[in-house]
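Let me begin by presenting the structure, written as structure tokens, before commenting on it.
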Amino acid sequence: MSIFSKYEGLASALSAVTAGGGRNPFNVVIEKPISSTVGLIEGRETLLFGTNNYLGLSQSPAAIEAAVDAVRAYGVGTTGSRIANGTQGLHRQLEERLCAFFRRRHCMVFSTGYQANLGTISALAGKDDYLLLDADSHASIYDGSRLGHAQVIRFRHNDADDLHKRLRRLEGTPGSKLIVVEGIYSMMGDVVPMAEFAAVKRETGAWLLADEAHSVGVMGEHGRGVAEADGVEDDVDFVVGTFSKSLGTVGGYCVSNHDGLDLIRLCSRPYMFTASLPPEVIAATMAALTELENRPELRVRLMDNARRLHAGLQAAGLRTGPQASPVVSVILDDVAVAVAFWNRLLDLGVYVNLSLPPATPDQHPLLRTSVMATHTPEQIDRAVEIFAVVAGEMGINRAA
Amino acid sequence: MSETVASVSALIVKTLLANPKVPRDINGSSKIVEDLAFDSLAVMNFVMEIEDTLDVSVPLDRLADIRTIDDLAACIVSLKQAS
Ligand SMILES: Cc1ncc(COP(=O)(O)O)c(C=O)c1O
């Protein structure tokens, strides 16, 4: 028996996806970015509507210059973890910049956002503690819960009352209770009712961690995320985030006002046992953070674009999530239809993300699209037009 | 509380049968993943429904050891007794 035989089901699901002669969606190659919004795919210029590059900063000239300068000054890598092989000046600088941006006293930087969740959740919630996770949590949050030893309880998605009920059941049990929510959920683009969760946290004496991966740089007057937008930053004990979305680079972090965060550096395995961020990434991230701070108009344009795409797709008779946010997902019923739709969009020059169950909430396949501040209104209208054409071809536009 | 493994198991079967996709011939010894063709997400979502009915939370790590409907019923009864 082959070591791979347990994946036979996966193999047949994959061949079903490509059976109609379509592409393998997991093998699409973006040969080269032309700009933040256009990439070369199969030799054609294709509109990019499937990135997390919300502010377009992956192509920021200032960030590119900063990275080049840093590489020349410091070299290309750190060759080790900060605990084993040492912290470099740039790591400190980046942590100080993030503390200032979030107005919090402590910051730990990780090599990816995935590791930031793994490293904080597994270390904060110990053996006698309880983790309370939103049912639609990102894989990194579930994986963090498995790396640690706490008891893990799921509550219904975005439902603070359901969380409250579950915390009430734990009344009187020893151990800390750590609630984990996300700012914007990455599949449907729906926003957490953070103020409601903050109220439950206050009432029950639990701790609150918010993964603002998709909302930093996007929500809040200064771009600090949903906690800022809802005016409840003081109730959020830990903010986790990533550089790989609005900041356009790679890496993750946790910020907090609790002095204990520094101790986590010495017991968080995803922090201790992997190489730290290289100089060019840190330099580019700091330059991108400066742009994020100094160009609030990017957030205004992003939300204008989000509303334009959301309204356009709805007007085209497609079913989308309830809220206009930088992630707008078209909800379909049938996997084969979703696959054909996605292929046709790419034929006509629009790249979006094909998301299939069980990675999606409630078993529906999704065409996950995301907007950028750098999309022009014409690019958005063009994408909507192509969606409408394909929906028409496939006969799935509801009577609009 | 007066729940027994048999009464909880019967309640789980009844809840499951409300879903038309579930095979009609299930009983306490049916295996949740194999016999019901539930993936991990479907298992977690269905456990959430049972939790509401019985006012109990089943930690996810406990689910790892559960194979049959009776296993789940026994787990819930022990959690209720502990609380
Ligand atoms: C909610 C959420 N948290 C964490 C991550 C992980 O971030 P990264 O890609 O930086 O590892 C992602 C994205 O993949 C995400 O969507």
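Below, all heavy atoms of this structure are taken into account, side chains as well, without hydrogens, waters or symmetry copies. Every chain is numbered from 1 and lettered A, B, ... according to where its sequence line falls, protein lines coming before strand lines.
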Okay, Val56(B) and chain A: the region with an atom under 4.5 Å from a heavy atom over there is backbone
With heavy-atom distances below 4.5 Å as the criterion, would you say the side chains of [X] and [Y] are in contact?
X        : Y         : value
Pro59(B) : Val152(A) : no
Val58(B) : Gln151(A) : no
Asp52(B) : Asp162(A) : yes

Interatomic distance, [X] atom [atom1] to [Y] atom [atom2] [nearest 0.5 angstrom]:
X         : Y         : atom1 : atom2 : value
Phe155(A) : Ser57(B)  : CZ    : OG    : 11.5 Å
Leu79(B)  : Arg169(A) : CG    : CZ    : 10.5 Å
Met48(B)  : Arg156(A) : CE    : CZ    : 5.5 Å
Leu60(B)  : Leu131(A) : CG    : CG    : 9.5 Å

Measuring heavy-atom distances to chain B, does Tyr142(A) have an atom under 4.5 Å in its side chain, in its backbone, in both, or in neither?
-> side chain
Hey, which of Arg168(A), Arg146(A), Arg154(A) has the most heavy atom pairs under 4.5 Å with chain B?
-> Arg154(A)
Derivation of the side-chain contact (heavy atoms from CB on, under 4.5 Å) call for Glu51(B) and Ile153(A) | CA-CA 11 Å; Glu51(B) 287 175 328; Ile153(A) 292 172; 5.5 Å; no
Neighbour count above 12 (heavy atom, 6.0 Å) for Lys127(A) NZ | no
